[in-house]
Every structure is written in C-alpha cells, then in structure tokens.
Amino acid sequence: MPIETTATVVAEVPDDPDLLAVPYSADLQTAHPVELHLPVPDLLAHYEAKGEAGEIVEVPVARAGGATPRVGRVLLYGVGDGSPRALRKAGAALSRRVKGRDRLTVVTPEGDVAAFAEAALLAAYSFRIGESGKKAVRTLAFAGADEEAVRRAQTVAQAVALARDLANTPSSVKNPAWLAERAAESGVPVRVWDEEQLQADGFGGILAVGRGSASPPRLIQLSYTPAEPTDRHIVLVGKGITFDSGGLSLKPTENMKTQKTDMAGGAVVIAVLGALARLGARVKVTGLVAAAENMPSGTAQRPSDVITHYGGRTVEVLNTDAEGRLVMADALAYADAVLDPDAVVDIATLTGAISVALGRNVGAVYASDDVLAKQLLEAGEVTDDRLWRMPLIDDYTPALESSIADLSNVEAGSRFGAGSITAALFLREFTGGRPWAHLDIAGVGRSTVDEGTLSKGATGFGVRVLLDWLTRA
Ligand code: BES
Ligand code: MN
Ligand code: ZN
C-alpha cells in the first residue's frame with residue numbers, strides 16, 4: 001500500500017495544536033518562532049538529552065480551546081549536527097513516535113527539509129495484508145517549510161513505497177504478467193513482449209529462465225519522454241525475477257524464502273519511470289524489466305544447457321540459480337542494439353556474494369565509466385542510498401570461459417571466486433562497450449529490521465539514488 005501519511009505545509013504553527021514537534025540542537029537550545037511557555041533547556045537537561053538526531057523528549061502541556069481543557073504534547077526533537085543524514089534520522093524518529101495519531105505539526109528544522117520530510121514519510125511505510133498493526137500518522141504538517149521541497153519529498157517517498165510494495169507482494173500474486181500490468185499503471189507508455197514475441201525476437205535468456213514456470217516470462221519496456229526535447233537518452237535495466245527458487249539448481253528453504261524480492265531491481269525501474277514526470281526530469285529514459293519466474297519442473301532448463309541470447313551470443317548454463325545475469329544479458333544486449341543509449345544503468349539483486357562483501361547498508365556499483373561512477377556515488381551520498389564502487393577485475397574474465405559456448409554463466413571451478421565481480425563481468429559482455437553501471441543490490445534490497453526509514457522486507461533501495469541522478473542530468 002502507498003504511504004498513507006500526507007505531508008502538508010502550513011504557514012504558521014496554529015494555536016494550541018495537540019501534537020507539536022520542535023527542534024533543538026546539541027546546545028539544547030530551540031531556535032523556533034513559537035513561544036512554548038516551557039523551560040526548554042531545563043527540561044532537556046532534566047531528561048539528560050544530548051541533542052542527538054533521533055532523540056525525542058515528550059512534554060505534556062495544557063491546551064486551551066474547545067469546551068474543556070485538553071492535554072497536548074510537545075515533542076522536542078534533536079537534530080544533531082543538522083546534516084541531511086541527521087535530519088533523516090530525526091524525521092524518521094518523529095514519524096515513528098506519532099504512529100496512530102491524527103496530526104503532527106512540525107516546526108521545520110534548518111537545513112535539508114526534503115531529506116527530513118522524505119525520511120518522516122518513509123518511516124510511515126508499512127506493508128500489511130489484512131488490517132493488523134498500528135496505522136501511521138495521518139498528517140504531517142510542516143510549518144514554514146518550502147512547499148516545493150515537501151512536494152518533492154512526497155513524490156520520492158511514494159516512489160520508494162511503490163517499489164517496496166511490488167517487491168513485498170507475495171509471489172502467489174505477482175508473476176511476470178502481473179508485473180507488466182503494474183508497469184502499465186505507471187503513467188508512461190509501456191510495451192510488453194509476451195512469450196511468443198520474446199521467441200520471435202530471440203530473447204533466449206529470458207525464455208530459458210522462464211521455461212520452468214507455469215507463469216510465462218515477459219520483457220517490459222517503459223518510456224519516459226521529457227516535455228522539452230533532448231538528445232540525451234538513458235536506459236535503466238531491472239532484474240525482474242518474481243520468484244527465484246534456483247530452478248533445478250534448487251535453493252535450500254532458508255535461502256529461498258527471501259526470494260520473492262528478487263524483482264526488486266525491476267520494481268525500482270518501474271517506480272523511477274513513474275516518478276520522472278512529476279520531478280521534471282529533462283532526460284529521455286527507457287526502462288527495461290526482464291521478468292521471469294525461476295522454477296524447477298519438467299520443462300525447466302537444465303544445468304549444462306546452452307542458450308542463445310538476444311543478438312546471438314551463446315551461454316552454457318552451468319547453474320540455473322545464476323539466472324539473473326541470463327535475463328539481464330538479453331535486456332542489456334537489446335538496449336545496446338536497438339535503443340542507442342548514452343548510458344545504461346542496471347539494477348539487480350544479483351549475488352549473495354555482495355552482501356558478504358558490503359553487508360546490508362551499502363550497495364555495490366560497478367562501472368565501465370569513471371564519470372558515471374562518480375555521479376552515481378555522489379547521488380548515493382546525497383540520497384542515503386549509499387553505494388561503494390567495486391572493481392571490474394579483468395584478470396577474472398577467464399572464470400566465464402566455456403569449452404562449448406561463448407561464455408558460461410558461472411565459474412566451473414573455484415580458481416577465481418569473487419562471485420559478485422564475475423557476475424558483473426558477465427553482464428559487461430552484453431553492454432557493447434557503452435558507458436554502463438551495474439548496481440548489485442542483493443545485500444540492500446531487503447531489510448531485517450523495522451527501524452529508521454526502513455521497514456522489514458523490501459527497501460526500495462535504488463529509487464532515491466536513480467531519481468536524484470536522473471533529475472540532475
Ligand atoms: N537472487 C539470487 C541472489 C540473492 C541472494 C539475492 C540472496 C538476495 C539474497 C541470485 O539469483 C542467485 O541465486 N545468485 C547465486 C549465484 C551463484 C549460483 C553463482 C548466489 O548468489 O548464490
Ligand atoms: Mn538465483
Ligand atoms: Zn535471483
């Protein structure tokens with residue numbers, strides 16, 4: 001479900017609000033335009049407040065207005081050093097604190113209001129099937145905030161929420177055709193290849209991965225054209241495996257039960273394409289989602305099969321669980337051959353190995369182009385979708401040699417290792433030498449905690465960094 005909290009801007013703090021949030025900094029001073037009639041520094045000292053971001057001191061206050069006197073609450077909230085990161089923490093903590101309430105009026109802090117509001121909205125996200133659980137706060141009213149910043153925060157947060165919703169949806173509901181229907185609701189023109197059309201155009205990778213499933217694969221193309229004509233064209237490619245059982249190279253239950261989110265990259269592409277118009281992006285963007293369900297069955301591809309990708313390259317499939325790169329290869333080859341992009345960025349929950357390397361908070365970016373890498377790293381810092389650049393180590397390319405095909409999809413032995421790097425090297429083979437970046441989000445695509453801007457399950461990682469990057473270009 002989308003974020004149910006509405007962010008609004010009010011010119012001034014109303015008289016006697018039930019819930020009022022007021023920022024304070026490390027010196028325990030509140031710099032704000034409202035008279036609280038409270039000994040704020042003494043109160044903060046009493047509660048041993050330090051001014052850290054995320055800290056909240058809640059003070060009951062008598063409120064006038066209405067027939068009978070009421071008890072309202074002032075939430076004094078710490079903003080730490082006032083940096084965007086600190087404001088995110090503060091915003092998330094506030095919105096979590098007022099869960100279930102109707103309205104919180106927020107005296108807006110100094111600094112990056114968009115980051116603050118965005119985090120408050122993201123912290124209000126939850127995915128529920130049924131009516132259990134506490135509802136998020138209904139309205140966050142930001143007093144004196146820049147309207148445009150709050151509107152932008154709302155757009156970005158809703159895009160992240162959409163990506164989370166798609167990825168959190170159980171695979172009994174979502175299959176490749178369902179994903180194509182959701183893409184068609186994004187507000188941009190969509191073209192969908194069904195099985196027959198995939199066959200006709202030679203998308204052998206997507207077909208091979210989808211063969212084992214009762215739900216056939218799809219390739220989904222979304223096209224954003226800016227209002228002002230432009231020559232600059234970016235292609236985004238997302239992995240859309242609606243469930244990854246591993247195929248005949250079957251995963252054990254523990255590893256399989258998280259794999260409904262194996263289309264998280266595709267979900268990010270759909271959510272990003274849907275938000276570009278509202279954010280006024282000035283580049284042309286084409287999104288491709290390579291969607292298939294990876295299942296074992298009598299029709300499934302086998303370890304040792306050889307497949308032919310879009311454009312004619314052959315691959316020996318030594319492990320059917322390395323399926324992401326097979327569907328991505330088709331889409332990357334198609335982008336290069338047909339779409340003539342200036343740059344291609346793909347995003348995929350590609351390898352368990354990357355969560356060993358970078359853990360759950362930082363995503364991997366591989367890039368064939370230093371400028372592109374730098375831009376994405378910067379966008380990652382600004383948006384808190386943090387990225388770390390990983391190397392494309394050429395010495396490891398022999399890992400993907402096959403004696404009977406152009407490539408194999410995994411290393412036959414264990415001479416090279418480096419599972420995330422070799423996966424990236426495999427993808428690079430299909431990019432036609434264009435400026436290309438690959439985001440491996442297998443570590444960051446899911447959260448195990450309900451904390452800060454995250455909720456358990458899908459994170460929507462990639463939406464914020466890509467939207468920031470695309471709206472700067
Ligand atoms: N979807 C998985 C990667 C993954 C693992 C995502 C854990 C999120 C959490 C991918 O398709 C996969 O199975 N990769 C294999 C590659 C291996 C067979 C070379 C892996 O990482 O084990
Ligand atoms: Mn797999
Ligand atoms: Zn997978």
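Whatever order the structure lists them in is the order used to number ligands and atoms, beginning at 1.
Only the side chain of Asp244 comes within contact range of ligand 1, with a heavy atom under 4.0 Å; no backbone atom does. Using a 4.0 Å cut-off between heavy atoms, Ile241 makes no contact with ligand 1 at all.
The minimum distance between the Mn ion (ligand 2) and any N, O or S atom of Glu323 involves atom OE1.
With Thr349 as the fixed residue, the side-chain hydrogen bond (donor to acceptor under 3.5 Å, both in side chains) test singles out one of Asp244, Thr261, Asp262, Asp440: Asp262.
Rounded to 10 degrees, the OD1-metal-OD2 angle spanning Asp321 and Asp244 at the Mn ion (ligand 2) equals 100°. Taking the Zn ion (ligand 3) as the corner point, the angle from Glu323 atom OE2 to Asp262 atom OD2 is about 100° (rounded to 10 degrees).
Between Phe116 and Tyr77, the angle of the ring planes stays under 30°, which puts this pair in the parallel group of the 30/60° scheme. Relative ring orientation between Phe426 and Phe430 is described as tilted, the plane-to-plane angle lying within the 30° to 60° band.
Residue, atom and distance of the protein heavy atom nearest to atom 15 (C) of ligand 1 are Asp321 O, 4.0 Å. Summary of contacts: the protein heavy atom closest to atom 21 (O) of ligand 1 is Gly352 N, 2.7 Å. Residue, atom and distance of the protein heavy atom nearest to atom 19 (C) of ligand 1 are Val410 CG1, 3.6 Å. Counting only heavy atoms of the protein, atom 16 (C) of ligand 1 lies nearest to Arg325 NH2, 3.9 Å.
For ligand 1, the atoms sitting less than 4.0 Å from at least one non-hydrogen atom of Ala442 are 6 (C), 8 (C), numbered in the order shown with element in parentheses. Below 4.0 Å from some heavy atom of Thr349 lie the following atoms of ligand 1, by number and element: 1 (N), 2 (C), 3 (C), 6 (C). Residue Gln259 has at least one heavy-atom neighbour below 4.0 Å for each of these atoms of ligand 1: 1 (N), 2 (C), 4 (C), 5 (C), 6 (C), 7 (C), 8 (C), 9 (C).
Ligand 1 lies out of reach of Arg446, whose nearest heavy atom is not under 4.0 Å from it. Heavy atoms of Asn409 stay at 4.0 angstrom or farther from ligand 1.
Judged by distance alone, with hydrogens and angles left aside, the side-chain atoms of Ser297 form a donor-acceptor pair with the main-chain N or O of Gly212 at under 3.5 Å.
Metal site remark for the Mn ion (ligand 2): Asp262 contributes no N, O or S atom at a distance under 2.8 Å.
At under 3.5 Å, a nitrogen or oxygen of Lys239, whether backbone or side chain, sits near a nitrogen or oxygen of ligand 1. Of the polar atoms of Thr351, none of the N or O atoms is found under 3.5 Å from an N or O of ligand 1, judged by distance alone.
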